Asker: 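Let me give you the structure first, and then I'll get to my questions.
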Amino acid sequence: GKRFGLVGASNTVDRDPKGGKVPSPMNEILKQSCPGSQVFLYAKGSWGPKSQKSLVSSLLAEHPDLDYVILDVSVNEIRESSLEDYTEDVVELAQMVKEKNSNIKVIVLAPTPFKGKNYWSQEQQDKQDAFNQNLLNNRLGTSFIDYVVDTYSALEDPPGSDSCGRYCKGDNLHFYDGTGRKVVIKTILDTVFGPPT
């Protein structure tokens with residue numbers, strides 16, 4: 001009976017760029033994993049935390065009585081932003097939720113691995129790693145975040161590779177086949193509710 005808001009980018013959308021249905025989208029996996037729950041999806045491909053502020057605003061305007069908001073903050077915009085600006089934008093997303101309704105629990109997902117240096121420089125990887133360490137160890141220094149989910153470690157394949165191998169078979173970046181999405185949803189639920197017994 002929980003009400004989830006799910007905000008994200010290309011890994012979170014339920015339609016591909018051509019409008020076709022994505023196999024095993026995250027909102028459907030979450031509904032199946034939590035029978036009786038409602039999931040309100042607000043996601044747009046290629047959007048990062050600065051752009052996602054409008055998605056969070058729309059979500060909260062239409063569904064102010066949520067139990068949880070899951071922020072898949074995406075690595076979009078981290079290349080163009082400083083680490084400080086990117087971090088501030090993520091904190092602002094969480095703050096927007098808490099200012100609307102302090103009872104909503106905010107869940108932030110650590111941005112996921114990349115396909116390697118052809119797409120991503122070591123400097124950019126270091127920036128993402130620094131963000132993830134701050135998120136996972138310090139909740140970005142804010143009280144607006146209730147749960148942080150280490151999706152990076154859950155998806156890294158093989159370990160230490162900074163890629164998501166078998167979880168992102170299409171392009172080693174997006175969860176097109178649904179395998180990675182199932183891992184992400186399980187990791188969220190285990191983090192928030194505890195692993196099933």
Side-chain angles (χ1 to χ4, degrees), residues 1-9 11-12 26-27 29-30 33-34 37-44 47-113 124-156 181 183-196:
K2 301 296 184 187
R3 293 166 55 84
F4 294 91
L6 178 56
V7 176
N11 276 329
T12 323
M26 285 175 68
N27 56 328
I29 297 168
L30 183 54
S33 302
C34 296
S37 63
Q38 292 179 281
V39 181
F40 305 100
L41 177 65
Y42 287 72
K44 191 159 179 66
W47 282 25
K50 186 183 293 291
S51 304
Q52 288 170 333
K53 291 172 190 175
S54 65
L55 297 175
V56 170
S57 291
S58 297
L59 169 68
L60 296 172
E62 294 170 31
H63 308 284
D65 56 347
L66 297 165
D67 296 298
Y68 299 92
V69 169
I70 300 169
L71 300 173
D72 180 9
V73 294
S74 177
V75 292
N76 296 311
E77 298 173 351
I78 200 170
R79 283 179 290 185
E80 299 80 18
S81 299
S82 68
L83 177 60
E84 293 73 22
D85 287 346
Y86 183 85
T87 301
E88 189 176 304
D89 287 331
V90 174
V91 169
E92 191 173 327
L93 292 175
Q95 183 177 358
M96 290 169 68
V97 176
K98 289 296 190 180
E99 287 179 348
K100 182 69 173 183
N101 182 342
S102 61
N103 292 322
I104 299 173
K105 301 294 185 190
V106 176
I107 302 164
V108 178
L109 310 186
T112 52
Q124 290 159 336
Q125 186 68 51
D126 291 345
K127 191 180 351 178
Q128 186 203 344
D129 291 346
F131 173 82
N132 279 347
Q133 287 173 6
N134 187 11
L135 176 66
L136 296 169
N137 297 327
N138 306 310
R139 297 187 189 196
L140 306 181
T142 181
S143 60
F144 300 126
I145 298 171
D146 297 288
Y147 299 97
V148 294
V149 180
D150 188 3
T151 49
Y152 194 105
S153 295
L155 291 167
E156 193 179 35
R181 292 190 191 98
V183 171
V184 169
I185 293 297
K186 182 182 186 318
T187 307
I188 293 169
L189 297 177
D190 287 356
T191 300
V192 175
F193 300 110

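None of these values were measured; they are calculated from a predicted model.
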Asker: Is Lys127 reaching over with its side chain to a backbone N or O of Ser81, donor-acceptor style, under 3.5 angstrom?
Answerer: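 Answer holds: yes.
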Asker: Any luck finding a side-chain donor-acceptor pair between Gln125 and Asp129 under 3.5 Å?
Answerer: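 Yes - a donor-acceptor pair under 3.5 Å links their side chains.
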Asker: What distance do Thr12 atom OG1 and Arg181 atom CZ have between them, rounded to the nearest 0.5 Å?
Answerer: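 Reported to 0.5 Å precision, the distance equals 8.5 Å.
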Asker: List the residues meeting side-chain contact (heavy atoms from CB on, under 4.5 Å) with Phe193, not counting sequence neighbours, and say none if there are none.
Answerer: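 With sequence neighbours excluded, Phe193 shows a side-chain contact (heavy atoms from CB on, under 4.5 Å) to Phe4, Tyr68, Leu189, given in chain and number order.
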Asker: Does Thr142 have any side-chain contact (heavy atoms from CB on, under 4.5 Å) partners at least two apart in sequence or in another chain, and if so, which?
Answerer: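 By the side-chain contact (heavy atoms from CB on, under 4.5 Å) rule, Thr142 matches Val91, Leu140, Phe144, Ile145.
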Asker: Within the distance-only criterion (no hydrogens, no angle test), does the side chain of Lys98 pair as donor or acceptor with the backbone N or O of Ile104 below 3.5 angstrom?
Answerer: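 At least one qualifying donor-acceptor pair exists.
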Asker: Taking all heavy atoms of Thr191 and all of Val148, pick out the closest pair and write down the distance.
Answerer: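 Looking at all heavy atoms of both residues, the closest pair is CG2-O, 3.5 Å.
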Asker: Can Gln128 and Tyr152 be counted as having a side-chain donor-acceptor contact under 3.5 angstrom?
Answerer: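 Absent: no donor and acceptor within the cut-off.
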Asker: Might you confirm whether atom NZ of Lys53 has over 12 heavy atoms from other residues, nucleotides or ligands at distances under 6.0 Å?
Answerer: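 Yes, because the 6.0 Å sphere around NZ of Lys53 holds more than 12 heavy atoms from other groups.
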Asker: Is a side-chain donor or acceptor of Asn132 paired with a backbone partner of Pro111 at a separation under 3.5 angstrom?
Answerer: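 Looks like yes, one N/O pair under 3.5 Å.
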Asker: With sequence neighbours excluded, what pairs up with Asp190 under the salt bridge (charged side-chain N to carboxylate O under 4.0 Å, His left out) test?
Answerer: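 Applying salt bridge (charged side-chain N to carboxylate O under 4.0 Å, His left out) to Asp190 gives Lys186.
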Asker: With rounding to the nearest 0.5 Å, note down the distance linking CH2 in Trp47 to CG in Leu55.
Answerer: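 The distance works out to 5.0 Å.
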Asker: Hey, does the side chain of Glu77 reach the backbone of Lys50 with a donor-acceptor pair shorter than 3.5 angstrom?
Answerer: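 Looks like yes, one N/O pair under 3.5 Å.
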